[in-house]
Amino acid sequence: MEPIKEEKSLNFIEEIIEADLASGNYKSILTRFPPEPNGYLHIGHASSIWLNFGVAQKFGGKTNLRFDDTNPVTEDTEYVESIKADIKWLGYSWANEFYASDYFEKLFSLANQLIEQGDAYVDDLTPEAIAQQKGTPTEPGINSPFRDRSVAENLELFQQMRAGKFAEGAKILRAKIDMASPNMLLRDPILYRIKFAHHHRTGDAWCIYPMYDFAHGQSDAMENITHSICTLEFIPHRAIYDWCIAKLGLYPSHQYEFARLNVSYTVMSKRKLLQLVNEKHVSGWDDPRMPTISGMRRRGYTANSIREFCERAGIAKRDKLNDISLLEFCVREELNKTSYRRMVVFDPVKVVITNFEGADIILEGENNPEEENSGIRIIPFSKELYIEREDFMENPPKKFFRMAVGQSVRLKSAFIVTCTNVIKDEAGNITEIHCTYIPESKSGSDTTGLKVQGTLHWVSIKHAIQVELREYDRLFKSENPAMEEGDFKEYINTDSLHVISNAFAEPALKEATESQRFQFLRKGYFCKDKDSSDEKWVFNRTVTLKESFSKEVKK
RNA sequence: UGUCUGAUGGUGUAACUGGCAACACGUCUGGUUUUGGUCCAGAAGAGUCCAGGUUCGAGCCCUGGUCGGACAACCA
């Protein structure tokens, strides 16, 4: 019954959870995915989503979605909506939808608790002064002159901060930890700052907002998150995370860190992606060249292939750069099994079947040879066809299994044709290729016994529809633009979009919907773009087919 | 000059916790094929950052180095 699955080793997070469950530390687990709504989700987030939701699923636990919305100036509901849509599209559902801003009141009272305990104080220092007194990694910082204010005074001041009595930057609330700590984050970190900014959820109810370090751990604790999984750069923050929970006596959530997923030839930071959008290097967050979930979806990537990629890329603690070829493998693997085959000629040259007379012939082509019950579609065949200009050569090299004068090829799902001659214009360009066809060689009922080396895709001119194709190349010329010298934008590949407006497709493609994925025979995987209309068909290339011939040619 | 953190084929992960370094992607061969795709068969490629130590035995343990990354935002 149950298919025997190969025992796969657990990643280090799963090992921790398994041990926690086995030891009885926890009866069940609760994770959370905590995006800040200040940008669109990208493939790196997909890895985190896959981990947080996947690990909970695997061990019978649940996952909360919690928006980390503690900085109103960068956050927006547009992002909230896109993030929710992307997570759903990836195939995950959250147990609860929370917002850090839901906890503002509670967080405020926790801050007061800290003050009462003598563990926090209001500081009047300027940002510059604070930075200066912070010390350096090798030199200790010095105490603020306001560090020893009385509890009563701190309580009063903090209350006034909330009441809007002070200007932005005039006062902050700091934790009283240790200005000489070797961990710089522990040198009296800022807990609250004043911002007279409109919040996407709480509106103008607040003018003080908690910092990440005071919001995240407490939010985890309030939700009883058992395993709070984040990326490596938060390792030094764990000390504050634990400090707050201990001082406040909250539920002991624990933070674990893993290395974020990176992909070669792109960038994976919301700040950088936002720049690409704002400075119009791409058409938007969902530009098919973007590593965003929405961009990849528009390009034709499937949720399944993205999850598969995350799984294969794995989870570890060392910085890594995943090869884009693994992502491409994952999407090809799925699309090969699931997508319908269609014929589209990208760069047409006319072929005349000189011995073809009479009515057009209706042929059938299988939708997908990899899928038994995928059915067939109708393909009309007539006297005048288009084939790919690159599929004909006047002086072919020896391993050219395509069309040449005197050479025979199979037209996919149709007939074997033999090229007899070509017609050229005055400039010497080929305008027509003349062929004869063998009526007995019809696909499925071939009685000729002939074997030909090559099979070409084609369309019947009078039945074809004109389509626009958009081919995408990598967005950056550098394997790791973020690590290069200078501005990452210097490494943008300015030739990453190639539009083909004069391509012709077989008529069956008229029925295409945006959710369908196609393999254009011998060319690649494509999907219909949202820019399409009733009169215009636009298709995005998701990924090419593997191409060993071009490698052969390069030799 | 501090603290934290990491190091296994080109890339990414494993190695049942001390027992002949494995899997995937990529690369290369050959076969099949009405897609130069898929599929099938096979190959090359690391001796585990370095040096010591413990041990019958070390990628795993110990010591000391080296190199990489993070940390001095009123960002998350």
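Lettering of chains follows the sequences in order, A, B, ..., and the numbering in each one begins at 1. All heavy atoms count here, side chains included; hydrogens, waters and symmetry mates do not. Everything numeric here is computed off the predicted structure, so don't read it as measured data.
Among the heavy atoms of the strands, none lies under 4.0 Å from A:R271. Nucleic acid contact for A:N336: base, since at least one base atom lies under 4.0 Å from a heavy atom of the residue. If you check every strand for non-hydrogen atoms under 4.0 Å, A:K412 touches a base. Contacts of A:T70 with the nucleic acid, taken as non-hydrogen atoms under 4.0 Å apart, involve only primed sugar atoms and P, OP1 or OP2. Counting any heavy atom pair closer than 4.0 Å across all strands shown, A:K195 reaches sugar-phosphate atoms only and no base atom. Backbone-only engagement by A:L326 is indicated by non-hydrogen atom pairs under 4.0 Å involving sugar-phosphate atoms exclusively. Among the protein residues, A:E36 comes within range of the sugar-phosphate backbone only, with heavy atoms under 4.0 Å from sugar or phosphate atoms but none that close to a base. A:P369 comes within contact range of at least one nucleobase, with a heavy-atom separation under 4.0 Å. Across all strands shown, A:R402 has heavy atoms under 4.0 Å from base atoms, whether or not it also approaches the sugar-phosphate. Using a 4.0 Å heavy-atom distance criterion, A:L335 is classed as making no nucleic acid contact. Heavy atoms of A:I315 sit under 4.0 angstrom from primed sugar atoms or phosphate atoms, though from no base atom. Residue A:G444 is in base contact, counting any heavy-atom pair closer than 4.0 Å across all strands shown.
Side-chain proximity of A:F400 to B:C74, B:C25, B:G36: nearest is B:G36. Closest approach to the A:E15 side chain among B:G2, B:A15, B:U35 is made by B:A15 (side chain taken as heavy atoms from C-beta onward). Comparing B:G6, B:C71, B:U35 by their closest approach to the side chain of A:P236 singles out B:C71.
Each of A:R174, A:K176, A:R149 was evaluated against A:D123; a single residue qualifies, A:R174, per the salt bridge (Lys or Arg N to Asp or Glu O under 4.0 Å) test. The one candidate from A:R201, A:H200, A:K84 that meets the side-chain contact (heavy atoms from CB on, under 4.5 Å) condition with A:P37 is A:H200.
Between A:R318 and B:G68 there is no side-chain N or O to OP1 or OP2 distance below 4.0 Å. Within the 4.0 Å cut-off from OP1 or OP2 of B:C16, not a single side-chain nitrogen or oxygen of A:S9 is found. Contact annotation: A:K320 reaches the phosphate of B:U13 (side-chain N/O to OP1 or OP2, under 4.0 Å). For A:R193 and B:C75, the shortest distance from a side-chain N or O to OP1 or OP2 is below 4.0 Å.
Counting atom types as modelled, A:E328 pairs no side-chain N or O with a base atom of B:G26 as donor and acceptor under 3.5 Å. No hydrogens or angles were tested; on distance alone, nothing pairs the side chain of A:R522 with the base of B:U35 as donor and acceptor under 3.5 Å. A donor and an acceptor atom sit less than 3.5 Å apart, one in the side chain of A:H237 and one in the base of B:A76.
Close placement of the A:F67 and A:Y99 rings is indicated, their centers lying within 6.0 Å of each other.
For the pair A:F258 and A:S48, the minimum side-chain heavy-atom distance is below 4.5 Å.
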**Study point:** salt bridge (Lys or Arg N to Asp or Glu O under 4.0 Å) between A:E14 and A:K58, intermediate numbers included
**Key:** CA-CA 9 Å; A:E14 293 170 330; A:K58 188 168 186 168; 3.1 Å; yes
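When each of A:D69 and A:Q519 is assigned the nucleotide of RNA chain B bearing its nearest heavy atom, the one mapping closer to the 5' terminus is A:Q519.
Base pairing analysis places B:U3 opposite B:A70; the two distances defining the Watson-Crick or G-U wobble pair are each below 3.5 Å.
Cation-pi check for A:K477 over A:Y265 is not met; the charged atom does not lie both under 6.0 angstrom from the ring centroid and within 45 degrees of its normal.
Centre separation under 5.5 Å together with a plane angle under 30° holds for the ring of A:F401 and the six-membered base ring of B:G36, marking them as stacked.
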